[in-house]
Protein chains: 2
Amino acid sequence: MTDSERKDVHNSAVPNLCQNCEARHRGICGVLEESELLELSRNSRQVVRKAGEQLINDADPIESYASVMHGVVKLSKVLEDGRQQVVGLQFAPDFLGRLYGRESNLNADAASDVELCRMPRAALEALVAKNPALEGRLLEQTLRELDEAREWMVTLGRKTANEKVASFLYLIATHKDPTHEDSAISFDLPLTRSDIADFLGLTIETVSRQFTKLRKSGIISIKNHRHISVADIEKLRRSCGYGSRIKS
Amino acid sequence: MTDSERKDVHNSAVPNLCQNCEARHRGICGVLEESELLELSRNSRQVVRKAGEQLINDADPIESYASVMHGVVKLSKVLEDGRQQVVGLQFAPDFLGRLYGRESNLNADAASDVELCRMPRAALEALVAKNPALEGRLLEQTLRELDEAREWMVTLGRKTANEKVASFLYLIATHKDPTHEDSAISFDLPLTRSDIADFLGLTIETVSRQFTKLRKSGIISIKNHRHISVADIEKLRRSCGYGSRIKS
DNA sequence: CGGAAGCTTGAATATGCTCAACACGGGTGG
DNA sequence: CCACCCGTGTTGAGCATATTCAAGCTTCCG
């Protein structure tokens with residue numbers, strides 16, 4: 001039991017739903033007063049979805065927002081003829097939904113099995129209007145997402161297929177282990193080859209070939225198509241063509 | 001003389017610098033109280049830059065922010081080996097600068113001749129902390145930029161060269177005339193072929209060839225390499241592969 | 001007028017795509 | 001238990017689109 005859990009247990013004002021939610025600490029709920037959290041949680045519901053299920057449709061009017069509690073959510077857009085582009089991935093405890101939007105403008109799907117904490121639009125917006133700190137937290141996340149989107153634009157526009165796939169693996173790896181204290185790391189891919197292709201602007205065949213190439217060159221090893229081991233994260237990083245994202 | 005100008009003239013509290021600035025109305029300054037505007041303007045300076053001049057470097061620490069008063073600013077990122085990607089264009093009265101960032105993370109260059117209104121970092125951040133409405137305005141702009149970035153990711157990842165060039169022209173055309181009351185429109189390109197190529201993730205040769213193709217198919221006509229006339233904006237839109245951005 | 005920068009065009013090439021076959025694993029049902 | 005199937009992923013061969021390299025043109029400006 002961690003310190004923060006113990007504190008929560010002794011503090012009757014923290015709602016059950018929020019006890020073990022990451023959004024309570026690092027997510028948007030981290031800036032809320034006890035009374036605000038209580039009020040919001042009364043309106044919130046936990047939602048569970050299987051991998052592949054749609055969460056939000058492009059054209060849907062926005063009736064609720066959510067925090068990602070567990071799993072990976074895939075944001076995508078499609079062209080008329082069906083071509084698809086994944087424009088973002090959201091992990092816990094990210095906030096989900098286009099604030100102030102009329103409609104969503106993009107699709108959100110469960111990439112893995114996910115748990116969300118869904119809250120009604122009006123409840124959140126009322127809270128934002130009342131508490132500037134919440135608006136600040138949302139601004140921070142939006143700025144982070146914008147940075148990520150622009151970083152990815154470089155990948156989409158200027159990198160080779162090989163660099164794209166390496167960049168994707170590097171993204172997932174560093175997300176697993178942000179500090180990367182260790183030079184070796186392994187993880188399960190949260191996306192199918194098809195999703196990866198749509199994220200990278202490639203075909204599944206090309207993605208597959210580049211996986212093979214990275215494997216044969218010893219940069220990664222693959223088990224069961226989904227489990228990736230990276231022996232030396234630096235070597236992977238050097239395969240990315242390298243973006244900005246410089247270590248300070 | 002417009003109503004708002006007359007009002008400003010009769011109101012001695014509106015600083016000279018701000019009299020004809022778009023940011024005063026549609027930009028970030030639109031949410032400021034008179035006293036706040038006065039305080040901010042005392043710290044602000046108008047800055048003029050020629051096309052091609054660098055405004056902000058990737059690695060620069062952030063010491064000031066700015067509003068675009070006139071012209072077009074190009075945001076870009078480069079890979080180690082020099083490959084470049086334009087990740088955004090900013091027009092008046094957009095806000096310029098990565099709020100809360102340690103360094104800029106991207107380059108900002110004058111795409112055309114530009115005028116900026118530059119304010120010191122501390123002055124703006126103090127104002128943001130004091131006035132939640134300003135934070136709200138910044139959040140709105142950031143959300144808009146995020147929408148645009150994601151829209152462009154589709155263009156970069158999934159469109160053909162021809163659709164990319166059409167999408168670029170459509171972007172500029174609709175920016176000139178957001179209502180597009182008229183089906184015909186003409187304008188000067190604010191970017192060189194090289195910048196356009198870097199925006200679209202193509203080479204200049206491919207961009208040039210697609211311009212020629214669009215011209216030969218009668219969708220656009222070109223004068224002096226820079227001046228574009230679109231006879232029927234709908235026809236151009238249909239060449240874009242079509243994104244989302246649905247008219248409501 | 002001459003030179004430079006920006007743009008266009010052409011021919012050959014390469015990178016990633018398409019189409020097609022096959023492999024692997026997990027689940028279902030005989 | 002094995003046979004079969006379906007979803008997912010891999011591999012190969014041929015092809016298409018965009019790139020590269022090279023030459024020539026237009027516009028601007030001294």
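The figures here come from the full heavy-atom set of this structure, side chains too, leaving out hydrogens, waters and symmetry mates. To find a chain, count down the sequence lines: A is the first, B the second, and so on, and within it residues start at 1.
With rounding to the nearest 0.5 Å, the separation of CG in A:Asn162 from OG in A:Ser167 is 9.5 Å.
Taking the nucleotide of DNA chain C with the nearest heavy atom to each of B:Leu191 and A:Glu205, the more 5' of the two is matched to B:Leu191. Comparing A:Val207 and A:Arg158 by the nucleotide of DNA chain D that holds the closest heavy atom to each, the one mapping nearer the 5' end is A:Val207.
For the pair B:Arg83 CZ and D:dT20 P, the computed distance is 10 Å after rounding to whole Å. B:Lys213 places its NZ atom 11 Å from the C1' atom of D:dA18, with the value rounded to the nearest Å. Per the geometry, CD belonging to B:Gln210 stands 16 Å off P belonging to C:dC7, to the nearest Å. As rounded to whole Å, 13 Å separates atom P of D:dC21 from atom CD1 of B:Ile204. When the C1' atom of C:dT15 is taken as reference, atom CD of A:Glu163 falls 13 Å away, rounded to whole Å. Per the geometry, CD1 belonging to B:Ile222 stands 6 Å off P belonging to C:dT8, to the nearest Å. For the pair B:Lys216 NZ and C:dT9 P, the computed distance is 6 Å after rounding to whole Å. Summarising the geometry, the separation between CG on A:Asn162 and C1' on C:dC17 is reported as 17 Å, rounded to the nearest angstrom.
Within the nucleic acid shown, A:Asn224 has no heavy atom closer than 4.0 Å to any nucleic acid atom.
By the 4.0 Å N-to-carboxylate-O rule, B:Arg238 lies too far from A:Glu80 to be salt-bridged with it. Between A:Arg158 and B:Asp198 a salt bridge is recorded (basic side-chain N to carboxylate O distance below 4.0 Å).
One N or O donor and one acceptor, one from the side chain of B:Arg209 and one from the base of D:dT20, sit under 3.5 Å apart.
The heavy-atom pair separating B:Asp177 from B:Asp182 by the smallest distance is OD2-N, 4.2 Å.
Comparing C:dT18, C:dG16, D:dT20 by their closest approach to the side chain of A:Thr203 singles out C:dT18. Side-chain proximity of B:Leu202 to C:dT9, D:dT11, D:dA18: nearest is D:dA18.
Within the structure, every side-chain polar atom (N or O) of B:Thr212 is placed at least 4.0 Å from both OP1 and OP2 of C:dT8. Remark: A:Arg226 is not in phosphate contact with D:dT8, judged by side-chain N or O atoms under 4.0 Å from OP1 or OP2. Between D:dT8 and A:Ser194, no contact under 4.0 Å exists linking OP1 or OP2 to a side-chain N or O. Here A:Ser208 reaches the OP1 or OP2 of D:dT10: one of its side-chain N or O atoms lies under 4.0 Å away.
Using cut-offs of 30° and 60° for the angle between ring planes, the B:Phe168 and B:Phe199 rings count as perpendicular.
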